[in-house]
Amino acid sequence: MGKTITVLGCTGSIGVQSLDVARRLNYKVAAMAAGGANLSLFEQQIREFKPEIVAVFDKKAADDLKVAIADTPTTVVSGNEGVCEVAGFYKSDVVLNSIVGIAGLLPTLSAIEANKNIALANKETLVTGGSIVMNAARKHGVTIYPVDSEHSAIFQCLQGVPDHAVKGIILTASGGPFFNFKRSELKNVTPAQALKHPNWSMGRKITIDSATLMNKGLEVIEAVHLFGVSAADIDVVVHRQSIIHSAVELVDGGIIAQLGLPDMHLPIQYALTYPNRFKCEEKRLSLTEIGKLTFEKPDIKTFVCLKTCIDAITRGGLKPAAANGANEAAVALFLDGKIGFLDIGELVAQATENQKVCEGHSVDDILAADLSAREFVYSKAKLN
């Protein structure tokens with residue numbers, strides 16, 4: 001045991017559960033980062049885990065935190081630079097990144113450049129900068145362990161399977177709260193309705209992404225980079241029970257699936273302990289209690305975000321970054337009541353199409369494409 005970790009995004013859903021795992025495994029948390037929206041919780045976490053350094057993205061919140069924990073030896077840094085500094089903290093063995101959105105990209109790259117293995121819960125890192133991130137990981141001899149339940153499931157299913165034996169990936173989706181709804185039924189959906197996920201307890205942004213199926217589209221892009229497959233090799237299947245977290249189809253016709261209750265502690269723990277497995281205290285799956293498992297095709301005509309993401313990664317370049325940036329902006333507008341639910345998918349599709357294909361690109365290009373897509377969404381939203 002005795003591993004030392006850094007946790008980015010400590011006060012979010014995955015961050016809190018990651019600290020649960022660290023507590024259970026008696027791992028040392030040497031460094032932490034949070035956005036600053038829940039400063040009281042972050043202070044409690046700091047006092048419990050006693051990290052050497054912490055970062056708060058919001059500078060005013062960082063100043064408030066310095067006052068609140070002045071009686072501790074913990075150093076407080078701020079801003080994007082501070083989060084990147086924490087991500088590369090020299091004493092950690094593994095950096096668990098659960099920051100929400102493209103804000104997680106630069107900290108991931110900072111951790112890789114510091115030769116830290118990554119437990120990745122920030123899918124936008126690979127959605128926006130997949131080629132750059134994976135190339136950097138190879139250059140620095142860093143391993144990226146997926147934390148998303150679907151990608152963790154695929155990773156687990158691939159253990160011991162030769163590369164040439166894989167025919168494709170089956171990526172499961174819950175279908176969200178509006179499964180089988182038609183467009184006419186979605187026109188007047190409220191944020192409160194969209195935030196009621198049937199199976200998972202998650203943060204607000206990812207819950208809306210699940211409702212639009214954007215989350216599954218982002219996961220398709222992430223899987224392309226993580227597992228070296230094409231979008232055509234990935235079959236998205238709606239599985240309402242969220243028991244099969246994903247599966248791998250083999251060339252001989254066999255399918256290997258990973259099953260479990262919808263709980264994130266197991267994939268978090270596996271990413272931190274790989275290749276070892278340790279007892280997880282969460283409730284065990286009983287197949288007889290579940291009774292039956294169902295599988296259906298997603299409705300990409302109604303939930304256009306999934307198709308947009310598949311098209312984006314197929315065409316490549318900066319289109320995935322544009323799709324992600326447009327979605328982050330549109331989701332925020334929807335949660336603020338400024339656009340409708342169906343507007344999210346339409347704006348993401350338009351902004352992605354508006355982005356020119358650019359094969360060779362840098363981090364600066366990615367950030368520029370992200371900003372351009374957001375500005376496109378804001379401009380269109382004002383016209384509606």
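This structure is a prediction, so every number in the text was calculated from the model and none was measured. Atom set for the values below is all heavy atoms of this structure, side chains included, hydrogens, waters and symmetry mates excluded.
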*Test Lys216 against Glu150 for salt bridge (Lys or Arg N to Asp or Glu O under 4.0 Å), laying out the working first.*
CA-CA 10 Å; Lys216 208 52 49 181; Glu150 295 83 357; 2.9 Å; yes

*asked:* Apply salt bridge (Lys or Arg N to Asp or Glu O under 4.0 Å) to residues Arg47 and Asp71 and explain how you reach the verdict.
replied: CA-CA 10 Å; Arg47 292 188 180 280; Asp71 59 319; 2.9 Å; yes

*asked:* Applying salt bridge (Lys or Arg N to Asp or Glu O under 4.0 Å) to Glu353 and Arg315, what does each step give before you reach the verdict?
replied: CA-CA 10 Å; Glu353 184 60 31; Arg315 297 173 70 182; 3.0 Å; yes

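The main-chain N or O of Ile243 is found under 3.5 Å from a side-chain atom of His239 such that the two form a donor-acceptor pair. Panel note: side chain Gln355, backbone Thr352; no donor-acceptor pair is recorded below 3.5 Å. Ser362 places a side-chain N or O within 3.5 Å of a backbone atom of Asp365 that can act as its donor or acceptor partner. Proximity of a side-chain donor or acceptor of Thr128 to a complementary backbone N or O of Glu124 within less than 3.5 Å is detected. A donor-acceptor pair under 3.5 Å is absent between the side-chain atoms of Ser372 and the main chain of Ala368, judged by distance alone. A distance-only check finds no donor-acceptor pair linking the side chain of His361 to the backbone of Ile366 [under 3.5 Å]. Looking only at distances, no side-chain donor or acceptor of His151 sits under 3.5 Å from a matching main-chain atom of Glu222.
In this model, a donor atom of one side chain and an acceptor atom of the other lie less than 3.5 Å apart for Glu219 and Asn215. Checking Asn122 against Thr125 by side-chain atom types alone, a donor-acceptor pair falls below 3.5 Å. Inspection of the Arg277 and Gln156 side chains reveals an N or O donor paired with an N or O acceptor under 3.5 Å. In the model, Gln44 has no side-chain atom that pairs as donor or acceptor with a side-chain atom of Ser40 under 3.5 Å. Judged by distance alone, the side chains of Thr294 and Gln241 do bring a donor and an acceptor atom under 3.5 Å apart. Side-chain contact, Asp311 with Thr308: no donor N or O sits under 3.5 Å from an acceptor N or O. Side-chain contact, Asp233 with Ser230: a donor N or O sits under 3.5 Å from an acceptor N or O.
Within 6.0 Å of NZ on Lys205 lie more than 12 heavy atoms contributed by other residues, nucleotides or ligands. Environment of NZ in Lys307: sparse, with no more than 12 heavy atoms of neighbouring residues, nucleotides or ligands closer than 6.0 Å.
Classified by interplanar angle (parallel below 30°, tilted 30° to 60°, perpendicular above 60°), the ring pair Tyr274/Tyr270 is perpendicular.
At least one side-chain heavy atom of Ile46 sits under 4.5 Å from a side-chain heavy atom of Leu65. Annotation: side chain of Val304 is not in contact with side chain of Thr212 (no heavy-atom distance under 4.5 Å). Contact check for Ile5 versus Lys3: side-chain heavy atoms found under the 4.5 Å cut-off. Under the 4.5 Å side-chain criterion, counting only non-hydrogen atoms from C-beta, Ile206 is in contact with Lys123. Inter-residue side-chain proximity for Thr6 and Val94 is flagged as unmet; no heavy-atom pair is nearer than 4.5 Å.
Classification of Arg23 and Glu48 as a salt-bridged pair holds, one side-chain N sitting under 4.0 Å from a carboxylate O. Under the 4.0 Å criterion applied to side-chain N and carboxylate O atoms, Glu113 and Lys139 are not assigned as salt-bridge partners. The residues Lys187 and Asp343 are annotated as not salt-bridged, no charged nitrogen and carboxylate oxygen being separated by less than 4.0 angstrom. Using a 4.0 Å cut-off between charged side-chain N and carboxylate O, Glu346 and Arg183 make a salt bridge. A salt bridge is absent between Arg24 and Asp20: the closest approach of a Lys/Arg side-chain nitrogen to an acidic carboxylate oxygen does not fall below 4.0 angstrom. Under a 4.0 Å N-O distance rule, the pair Lys116/Asp93 does not qualify as a salt bridge. A salt bridge between Asp370 and Arg374 is present, with a side-chain N of the basic residue lying under 4.0 Å from a carboxylate O of the acidic one.
For Phe341 and Phe178, the gap between ring centers is short of 6.0 Å.
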